[in-house]
Amino acid sequence: MNADEWKRQAARRAVEMVNSGMRLGLGTGSTAAHFVDLLAERVHQGLDVIAVPTSEATRAQAERLGIPLTTLDETPRLDLTVDGADEIDAELRLIKGGGGALLREKIVAAASDRLVVIADKSKVVARLGRFPLPIEVVRFGLASTQLHIIEQAKDAGCFGRIVQRMERDGSPFVTDNSNFILDCAFDEIEEPEILADALGVIPGVVEHGLFLGLADLAILGGEGGVEELWPPEDELF
Ligand code: 5RP
């Protein structure tokens, strides 16, 4: 099996957790796309759900596959969100935003009773930070905001190169919310909570990709089958 098949394994297990009547959040990325695909199969078999997508890409996929969609304005509370992650630590703290959808992903996760993360096992790390932390920023004052991020990150013990995310053609990557992304190569984030608090107070920072205390379960596909990673001393279901 390859990484893509492991992602699908994890997605398949997550789809089994969905029951008729549920209000769902649909994540973004290649693993979440497997979930949307498999969910659509169940919808065609009669599963009755409504879902909020976390990106325009996921919206397009879900619409194409016939999954009934809603918005957080119509449906402000969700039962379950299933999403991927770029890194997962043993406490189920995450780095997300590799696909640039972190803002909507975090809003949807926060609106959900449960966030289930699906990934292949390579996403599990001893310490967050090897994957550059994405930070969504408004366009106005970009250079000033970047300087503030450098200063606040330093105070939180994090150093490293910060680059604006670009498209292949050299134009800036623009999020679904018309903002920019700064990718911060901190390498090791010793105290994610301290960094999150520090980033959260910077004017111009819309959201960062640290998802702390949001995930309830991680389903991990990989060699040897699917494994579940629960937060320490926590029981969910
Ligand atoms: C998008 C995300 C994705 O969930 C994350 O990048 C993982 O993607 P993939 O499943 O393709 O590895 O946070 O903003």
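Every number for a ligand or one of its atoms is a count from 1 in the order of the listing. We number each residue from 1, following the sequence as shown. Because the structure is predicted, anything quoted here is derived from the model rather than measured.
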Enquirer: Could you tell me which non-hydrogen atom of Met17 sits nearest to which non-hydrogen atom of Leu80, and how far apart they are?
Expert: O-CD2, 4.3 Å
Enquirer: Over all heavy atoms of both residues, which pair between Asp183 and Pro132 is shortest? Give the atoms and the distance, please.
Expert: CB-CB, 4.1 Å
Enquirer: Taking 4.0 angstrom as the limit and counting only heavy atoms of Lys7, give me the atoms of ligand 1 inside it, by number and element.
Expert: 12 (O)
Enquirer: Please round to the nearest 0.5 Å and tell me the distance separating atom OG1 of Thr58 and atom CG of Leu69.
Expert: 10.0 Å
Enquirer: Hey, is CZ on Arg42 packed in by over 12 heavy atoms from elsewhere, all under 6.0 Å?
Expert: yes
Enquirer: Under a heavy-atom criterion of less than 4.0 Å, does Gly27 contact ligand 1?
Expert: no
Enquirer: Can you name the atoms of ligand 1, numbered from 1 with element, that are less than 4.0 Å from a heavy atom of Gly100?
Expert: 14 (O)
Enquirer: Identify, for atom 11 (O) of ligand 1, the protein heavy atom at the shortest distance, and state residue, atom and that distance.
Expert: Ser30 OG, 2.5 Å
Enquirer: Can a salt bridge be assigned to the pair Arg59 and Glu56 using a cut-off of 4.0 Å between side-chain N and carboxylate O?
Expert: yes
Enquirer: Under 4.0 Å from a heavy atom of Gly99: which atoms of ligand 1 are those, numbered in the order shown and with their elements?
Expert: 1 (C), 2 (C), 6 (O), 14 (O)
Enquirer: Distance under 4.0 Å to a non-hydrogen atom of Gly98: what atoms of ligand 1 satisfy this?
Expert: 6 (O), 13 (O), 14 (O)
Enquirer: Under 3.5 Å, N or O to N or O, is Ala32 touching ligand 1 that way?
Expert: no
Enquirer: Drop me the distance from Lys106's NZ to His208's NE2, to the nearest 0.5 angstrom.
Expert: 4.0 Å
Enquirer: Please identify which atoms of ligand 1 are closer than 4.0 Å to at least one heavy atom of Gly97.
Expert: 2 (C), 13 (O), 14 (O)
Enquirer: Which of the atoms in ligand 1, numbered in the order shown and given with their element, are less than 4.0 Å from a heavy-atom of Asp86?
Expert: 5 (C), 6 (O), 7 (C), 13 (O)
Enquirer: Of Glu105, Lys106, Lys96, Glu136, which has the heavy atom at the shortest distance from atom 14 (O) of ligand 1?
Expert: Glu105
Enquirer: Note the single closest protein heavy atom to atom 3 (C) of ligand 1, along with its residue, its atom name and the distance in Å.
Expert: Thr28 O, 3.2 Å
Enquirer: Flag yes if more than 12 heavy atoms outside Arg161 fall under 6.0 Å of its CZ atom; otherwise flag no.
Expert: no
Enquirer: Just to be sure I'm reading this right: ignoring hydrogens, which of Gly29, Ala3, Ala85 gets closest to atom 7 (C) of ligand 1? Compare them by their nearest heavy atoms.
Expert: Ala85
Enquirer: As a check for students: among Leu102, Ile181, Thr31, identify the option with a heavy atom nearest to atom 10 (O) of ligand 1.
Expert: Thr31
Enquirer: Run the numbers for me: atoms of ligand 1, each under 4.0 Å from some heavy atom of Lys123, listed by number.
Expert: 7 (C), 9 (P), 12 (O)
Enquirer: Out of curiosity, Lys96 NZ to Glu87 CD, how far, rounded to the nearest 0.5 Å?
Expert: 12.5 Å
Enquirer: Heavy atoms only: give me the nearest Gly222-Gln9 pair and the separation to one decimal.
Expert: N-OE1, 3.3 Å
Enquirer: Locate the shortest heavy-atom distance separating Leu65 from Ala40; write the atom from each residue and the value.
Expert: CB-CB, 3.6 Å
Enquirer: Output the list of atoms in ligand 1 that are nearer than 4.0 Å to some heavy atom of Asp83, sorted by atom number.
Expert: 4 (O)
